[in-house]
Asks: 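Before we start, here is the structure in question, set down as structure tokens.
By convention in this document, chain letters (A, B, ...) are assigned in the order of the sequence lines, proteins followed by strands, and residues within each chain are numbered from 1. Predicted, not measured: the structure shown is a model, and the values here were computed from it.
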Amino acid sequence: MKLATWNVNSIRARLARLLAWLEKHQPDVLCLQELKVQDEGFPFEALAAAGWQAAVHGQPTYNGVAILSRQPLEDVRRGLDDEVDDLQARLISARVGDLTVLSAYVPNGHEVGSDKWDYKLAWLKRLRRHLEKHHRPEEPLALCGDFNVAPEARDVCDPARWEPTVLYHPQARAALAELASWGLQDAFRLHHQEGGLYSWWDYRMLAFPKNQGLRIDHVLVTAPLARRCRAARIDRDERKGQQPSDHAPVVVELD
DNA sequence: ATGGTTGCTTAGCAA
């Protein structure tokens, strides 16, 4: 089966590209982030007409996550389900057959030291607690999404320049590593060791043509799923052409 | 140091 994740940066602005991408690549499951729409505005009909089920956790203007699937989505859960009063729609999970899938949009964090930065680090801790509460590392599970963290130097075009920023700060990397230590492996790094392979490029400063990007979108898998992982890639081509998202899809193939 | 771009919503925020 084919499992993918993609920060679309507004599902309404990206609907034509999304439908074309689904038609071309035929994933079994696609996790989406940054829908920037509330549930009422989600394009359920257009996706259903193309044969896709959708579990959606929307929000006006900001954030919003979803899971698309050819097969029925069961046990859908929205949000982190903890004691924090949080209106930001950044997590949705569902079961597809024997596979548990989570679509996460980790906070960007704006600037190191800001309130948003504190929220980002706290959110990653809350996500780990969510996994501890609802799941087990022994089950086939994929945590997919925009983590807004590049794990290692090889995931960053210019590590020295990015190290003081929220996307590659040591504290952000430590928070991601602490999350993964629950029992998750980076599916992309099971199949590729080289640097220079990114999933996000800023719209500004010609970052994409210069390949000044970061690998911040990930598919993290538990050990039983890692054993079934046959291939992984970033669909860099989707960042090209008219009105692309600033993120490229990440695709994983599983037995 | 600043500015560069995009999207939502319409001046400013978020990324």
Side-chain angles (χ1 to χ4, degrees), chain A residues 5-21 31-44 46-47 56-66 79 86-92 103-124 127 144-151 155-158 160-169 171-173 175-176 198-218 234-250:
Chain A
T5 185
W6 187 15
N7 178 326
V8 288
N9 186 18
S10 168
I11 194 166
R12 287 176 292 176
R14 220 66 61 206
L15 184 57
R17 282 189 80 127
L18 172 61
L19 290 168
W21 193 87
C31 295
L32 297 170
Q33 300 87 36
E34 273 208 271
L35 305 177
K36 293 187 171 180
V37 73
Q38 52 195 326
D39 291 9
E40 300 89 282
F42 187 89
F44 286 104
L47 287 162
V56 178
H57 186 27
Q59 177 187 330
T61 311
Y62 303 120
N63 309 316
V65 286
D86 192 341
L87 297 175
Q88 299 193 30
R90 295 182 174 276
L91 184 71
I92 189 168
S103 179
Y105 178 44
V106 175
N108 170 284
H110 182 57
E111 216 163 64
V112 173
S114 66
D115 289 348
K116 292 190 176 79
W117 169 247
D118 293 341
Y119 175 71
K120 174 182 195 167
L121 297 179
W123 200 92
L124 283 162
L127 179 55
C144 311
D146 175 2
F147 288 79
N148 269 313
V149 181
D155 301 312
V156 183
C157 58
D158 183 348
R161 178 190 148 209
W162 285 92
E163 183 142 40
T165 76
V166 293
L167 300 182
Y168 186 58
H169 192 280
Q171 278 182 266
R173 281 141 59 195
L176 179 61
Y198 310 128
S199 67
W200 170 83
W201 301 258
D202 200 300
Y203 282 126
R204 299 165 289 186
M205 305 297 287
L206 301 172
F208 181 67
K210 295 194 239 177
N211 198 31
Q212 293 179 346
L214 283 79
R215 196 176 67 89
I216 58 175
D217 300 86
H218 310 299
I234 298 169
D235 184 14
R236 195 175 191 286
D237 289 342
E238 180 54 39
R239 183 62 174 75
K240 301 173 182 173
Q242 294 293 305
Q243 293 161 322
S245 168
D246 46 352
H247 295 253
V250 181

Asks: Could you check how far CD of A:E111 sits from C1' of B:dA15, rounded to whole Å?
Replies: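 Roughly 13 Å, once rounded to whole Å.
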
Asks: Could A:R14 and A:E238 be called an ion pair, given the rule that one side-chain N must be under 4.0 Å from one carboxylate O?
Replies: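 A:E238 and A:R14: not salt-bridged.
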
Asks: Starting from the 5' end of DNA chain B, give me the residue, A:M205 or A:P107, whose nearest nucleotide shows up first.
Replies: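 So the residue in question is A:M205.
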
Asks: Whole-Å distance between B:dT9 C1' and A:N63 CG?
Replies: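 In whole Å, B:dT9 C1' and A:N63 CG are 16 Å from each other.
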
Asks: B:dC8 phosphate, OP1 or OP2: any side-chain N/O from A:R14 under 4.0 angstrom?
Replies: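 No, A:R14 has no side-chain N/O under 4.0 Å of OP1/OP2 on B:dC8.
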
Asks: What's the gap between B:dT9 and B:dA15 when it is taken at their C1' atoms, as a whole Å value?
Replies: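 Straight-line distance between the two C1' atoms is 16 Å.
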
Asks: Could you work out which one of B:dA15, B:dG4, B:dT6 sits closest to the side chain of A:E34?
Replies: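 That would be B:dA15.
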
Asks: Nearest whole angstrom, please: distance from the C1' of B:dA14 to the CZ of A:R90.
Replies: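 So the CZ-C1' distance, A:R90 to B:dA14, works out to 10 Å.
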
Asks: B:dG7 P sits how many Å from A:N7 CG, rounded?
Replies: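 A:N7 atom CG is separated from B:dG7 atom P by 12 Å.
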
Asks: Between A:R12 and A:Y105, which has a closest nucleotide on DNA chain B that is more 5'?
Replies: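 Closer to the 5' end of DNA chain B: A:R12.
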
Asks: Report the distance from atom CG of A:D246 to atom C1' of B:dT5, rounded to the nearest whole Å.
Replies: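 These atoms are roughly 9 Å apart.
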
Asks: For the side chain of A:N9, starting at C-beta, report the closest nucleotide among B:dG7, B:dT5, B:dT9.
Replies: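 Within the option list, the nearest is B:dG7.
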
Asks: Going by the angle between their ring planes, with limits at 30° and 60°, are A:F208 and A:W201 parallel, tilted or perpendicular?
Replies: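 Rings of A:F208 and A:W201: perpendicular, over 60°.
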
Asks: When you look at A:N9 and A:S245, which way does the side chain to side chain donor-acceptor pair (under 3.5 Å) test go after all the steps?
Replies: CA-CA 6 Å; A:N9 186 18; A:S245 168; 5.3 Å; no

Asks: Which part of the nucleic acid, if any, lies within contact of A:F208, taking any heavy atom under 4.0 Å across all strands shown: a base, the sugar-phosphate backbone alone, or nothing?
Replies: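 Answer is nothing: A:F208 stays at 4.0 Å or more from every strand.
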
Asks: Quick check for you: among B:dT9, B:dC13, B:dA15, whose closest atom lies nearest to any side-chain atom of A:R204?
Replies: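 Closest of the options to the side chain of A:R204: B:dA15.
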
Asks: Take atom CD of A:Q59 and atom C1' of B:dA15, then tell me their distance rounded to the nearest Å.
Replies: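 Whole-Å distance recorded here is 14 Å.
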
Asks: A:Y203 has a side chain; which of B:dC8, B:dT5, B:dA15 sits nearest to it?
Replies: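 That would be B:dT5.
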
Asks: What's the CH2-C1' distance between A:W200 and B:dT5, to the nearest Å?
Replies: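 That distance rounds to 11 Å.
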
Asks: To the nearest angstrom, how far is A:D146 atom CG from B:dA15 atom P?
Replies: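 The distance from CG of A:D146 to P of B:dA15 comes to 10 Å, rounded to the nearest Å.
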
